[in-house]
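In what follows, chains are A, B, ... by sequence order, proteins preceding strands, each numbered from 1.
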Amino acid sequence: MIRFIFRRTGSLILLLVAVSFITFTLFQLGPADPASAACGQECTPERVAEARVALGMDHPFLIQYIDYMRGLVSPRMIGAPGAESICQWPCLGKSFQTNENVSDIIARSLPYTLSMAVGALVLWTVSGVGLGLLAALRKGSATDKFIVGAASVGVSLPIPVTGLFLLLVFVNQLHLLPFTTNEINSPFGPQGPWAWVLNYLLPWVALAVLFSAAYIRVTRTNMIETFSEDFIRTARAKGLAPRTVTFKHGVRAGITPVVTMLGMDIGLLLGGAVLTEQIFSVPGLGFTAVRAAISGDLPVTMAITMLAAFFVIVANVVVDLAYAAIDPRVRLQ
Amino acid sequence: MDTQAILQVENLQKHFPIKGGLFSPKGSKTVKAVDGVSFSLARGQTLGLVGESGCGKSTTGRMVARLMDPTGGRILIDGVDISQLGGRDLYNFRRKVQMIFQDPFASLNPRQTVGTAIAAPMLAQKINPAGGLKSRVKELLEQVGLKPEHYNRFPHEFSGGQRQRVGIARAISLNPSVIVCDEPVSALDVSVQAQVVNLLQEIQRDTGVAYIFIAHDLSVVRHISHEVAVMYLGKIVEQGPREDLFRDPRHPYTQALLSAVPLPDPRAARQQQKIRLRGDLPSPANPPSGCVFRTRCPLFGTLGVEQQQRCISDIPLPASAAAPACHHAGLDSAALAGVQ
Amino acid sequence: MTQLQPSPAGQPATRTAQPATRTGAFLDVRNLSVKFPTDDGLVSAVNGMDFSLERGQTLGIVGESGSGKSVTSQALMGLLKGTSARVTGQALFQGKDLVTLPESGMRQLRGRNIGMIFQDPLSALHPFYTVGHQIAEAYLVHNKASKKQARTAAVDMLGRVGIPSPEQRYDEYPHHFSGGMRQRAMIAMALICEPELLIADEPTTALDVTVQAQILDLMSELQEETNSALILITHDLGVVAEICDSVLVMYGGQCVESGPVDEIFYDTQHPYTLGLLKSMPTLSSSSGRLNPIPGQPPSLLDLPKGCIFSARCEYAALAGDGVCASQRPELVVEDGHGKRCHLRGPQIVTIRNTR
């Protein structure tokens, strides 16, 4: 077990280095010119050159990269010679646009994204697995056909469509829900958890509609297969109650593909959240990343990309651990 | 017998490395799936290879057909060692040894007509039979008891027995000298099994092909084989002519195996002396020292300390036609039962 | 314990079962039929089965794939309830009709009064729970006991089925067990509530022959100990000859012949049974051609009007008038030996001797 975590942490670090290097390189190859963007309206070649020095872009590519990576381990000085300022660990650099510490920007946007992600995740997992299971148990019935039908509609609805539709109906027309505000980004804030739920309910639903459709289908297929397994017949032959047969023997055996999907989707969520955050104007990571990418703000883009990679990898480790918890045969390896 | 042997296998070995973890070097341990197997097979004869699951009988068969590479030893076909062939030579060799598998459905492509499936080996070997490929396939279909009009049918339209006939037609299409039959009738119902066994015997009579017949069903093996080899944990423990081996088994494992076969004869079953093996097959990754069978051997407990010591420390000589691989063979099953 | 465990030479003749009286039998199955609606039509898997069984008896149900033997056992266990299968007829067990009993009532019987063992112990055991847990679970459903008591009972049972160091093996998972040990664990699970009826569906088919012998010995021993009734479903006539008192031969969802084991083997009455026996190679038969039954089993979607076996029967002409093809024979029981065939006794003797 310890060896497993040890090995996984090792590959985590390697992967983060690779991801950061690729992002860094892509940025260098891209058309963005942060220096001219940073120097503003009246740009003389001299001022652009000054800006390049201030941003550290006068150094060769590899030096820039190594400097950047150094900041991840220790504090470093940043800025033009003579006008340097200290960037505390963990130093993700300073925004080319606002000269703010990137770590502050991340710290500000992350709660919004987490608020979106956690709720949506819970909502789609519960509804996806629940409906999928129900469909599997009632295989061939009208309920099954309805759920499967709804799922195939849900999966083909893009987020902008569901999102705007929800906004239109529940906020503009029915006035049932407030327009999403940026003041609430945590259930532990002064407005309390209920306000948090109401505030994010629409984005959650928009995300969940898209994702739960896939969960319904995967759960349904796997549960139908599992319910036809010999060990389910054995469980029935023992005289166990249907509930025990379904949940203790059936669901535990059929749920592993759902866990895998969940692991991949937690990573995807950051990507998926970009659109949702735009539509509902939530200043989360996705929202910030889009703005940074457009304005050529390398440090912010780098940081968010690496954070996303970090989430994906951590989610995968969690999935592996969950697998071992569910299936004792995995523990062998 | 050796002078007319079509196939000779000498000291054949297949060792699988156990995958090492992060801190244990690879290849430090091996599973000896097949460990020093030798036998020979004459033209037109059948060698039955029996033993329980995990004894290495299928691995042996696959190595003879070169579907698996041997770790050591020699496989002589017509006196030529094919155990290390590669590339062009291996391709040419494929004509000589063909294989029939247990599950004919799994070994047929469901989207391919039966005619195409049977023609595939001839196409692969670029053989153009006189009269054309299609008529040769139809001829083969008739030879295995199917109809020429089955040419355009798909595997799912056939019953299990018929599919196995297709598998046989494909295997004989290149006129091989040896066919390795790996549990060819195990998946079939008794009445159909008899049809396929009869067919295999007819083909052998007509073409002089030699079979390695791998099966766990001793009755079928006894029926079809001329020679029989009994395997246990990667080694042949006893081999010999069918009549001798079944009438007078000498290795305690063979004796136990034979006495475990349920007889379709209730009176005989009630009177039969039964030798029951205790426990399970030891792990092939960690086989017992000395004689691999000693941990389950019914004879072992009856031996004196010195004799037991020999079983623990000395590996018995490989089984030959003259003697089984046992230090103390000779006590017959009746004497064994009397030991109780 | 010695290393050798020969069973006693020669079983007493009383082992051969007497035909059960029809009234008040322990298990009395009458006209049991199972049909499955499919896209291609109605599959008649079981067509009018009649048999009865007493405690302490072992009944072997023999047949080839598709003969309906497994479906019969599932119908008796009530495992077809809640599926699309249509089960009709009657199966009286201790005064209760297993066919009409609702699922909740059936659940009370399953595991407690009727135990079941399946073919492949690896897939029949849940891969994610320890072997001991699964056995204890079976005990806990039907007994008011603490988890500790259930554990003790399960460990005890594991020991009784011959699993060494049961206390340790209790906490191991099915994949740690060998095939034979898994089947022993299955038996322990089926027997932990000491059911009066045990149904074993091909319990040794997936096992090697030396392990099969161990398992068959074990089942006989335990059955004698508990005086339960055993229904053994198999395709292997050898297994039947080894441990059954009476035999029921199935073909195309019907019982074609039934009776005490010796009569089935030595006074065979039905051409199908005869064909099965003659198509088997044995350890003592001389080589030469085997005598397979020609043709294929009938489609259960469209059973022939006459005798279900008539299309493959080489003796259909003997009965005359094409009666075999036009009229389905009834199961006629004489002195406990039943056969479903138009041929008369002397004709059977003739065909038995012609081969």
Side-chain angles (χ1 to χ4, degrees), chain A residues 1 129 133-145 219 222-260 319-333, chain C residues 37 70 73-74 76-84 103-131 133-143 171-176 185-186 189-190 192-193 195 198-199 201 206:
Chain A
M1 193 65 209
V129 172
L133 187 61
L134 187 67
L137 286 170
R138 304 264 158 85
K139 193 182 86 170
S141 71
T143 319
D144 176 29
K145 283 175 185 140
T219 308
N222 278 290
M223 289 321 300
I224 287 174
E225 203 184 303
T226 306
F227 287 140
S228 68
E229 295 274 1
D230 286 358
F231 56 78
I232 294 296
R233 194 179 53 184
T234 309
R236 290 187 66 203
K238 281 197 249 186
L240 297 180
R243 197 173 357 103
T244 319
V245 176
T246 305
F247 289 98
K248 184 175 170 187
H249 290 256
V251 172
R252 181 165 171 194
I255 208 72
T256 38
V258 177
V259 173
T260 311
V319 164
D320 283 355
L321 291 175
Y323 251 91
I326 295 172
D327 186 347
R329 289 171 300 182
V330 177
R331 286 172 222 164
L332 277 180
Q333 287 128 32
Chain C
S70 283
S73 72
Q74 285 172 24
L76 291 181
M77 257 325 240
L79 292 175
L80 299 174
K81 291 180 202 291
T83 70
S84 61
E103 169 69 15
S104 56
M106 198 66 227
R107 216 166 66 224
Q108 301 297 317
L109 295 181
R110 280 190 214 125
R112 185 167 63 188
N113 305 95
I114 312 176
M116 193 154 181
I117 303 170
F118 300 99
Q119 173 172 353
D120 179 2
L122 183 58
S123 59
L125 286 166
H126 200 293
F128 299 173
Y129 294 101
T130 63
V131 169
H133 176 92
Q134 296 185 51
I135 297 171
E137 188 183 32
Y139 185 78
L140 279 171
V141 216
H142 299 296
N143 293 282
D171 292 311
E172 287 181 18
Y173 290 93
H175 63 266
H176 294 128
M186 270 306 292
M189 189 192 300
I192 189 141
C193 296
L198 183 64
I199 303 175
D201 189 355

Less than 3.5 Å apart, which donor and acceptor atoms pair up between the side chains of residues 135-142 of chain A and the rest of the protein, not counting sequence neighbours?
{"from": "A:S141", "atom 1": "OG", "to": "A:R138", "atom 2": "O", "distance (Å)": "2.7"}
{"from": "A:S141", "atom 1": "OG", "to": "A:T143", "atom 2": "N", "distance (Å)": "3.4"}
{"from": "A:S141", "atom 1": "OG", "to": "A:D144", "atom 2": "N", "distance (Å)": "3.3"}

Is there a side-chain contact between C:F118 and C:M186 in this structure, where contact means two heavy atoms from C-beta onward sitting under 4.5 Å apart? yes
Measure the shortest side-chain to side-chain distance between C:P195 and C:I114 over non-hydrogen atoms and say whether it is less than 4.5 angstrom. no
Would you say the side-chain atoms of C:E137 and C:H126 include a donor-acceptor pair closer than 3.5 Å? no
Please tell me if the side chains of C:E103 and A:R236 come closer than 4.5 Å, counting only heavy atoms from C-beta onward. yes
Close contacts, residues 223-231 of chain A versus chain C, judged by heavy atoms under 4.5 Å: A:D230, A:F231
Answer with side chain, backbone, both or neither: which region of C:L125 has an atom nearer than 4.5 Å to a non-hydrogen atom of chain A? backbone
Under 4.5 Å between any side-chain heavy atoms of C:F128 and A:P328, yes or no? yes
Which atoms of A:A235 are under 4.5 Å from chain C, going by heavy atoms: the side chain, the backbone, both sets, or neither? neither
With heavy-atom distances below 4.5 Å as the criterion, would you say the side chains of A:T234 and C:M189 are in contact? yes
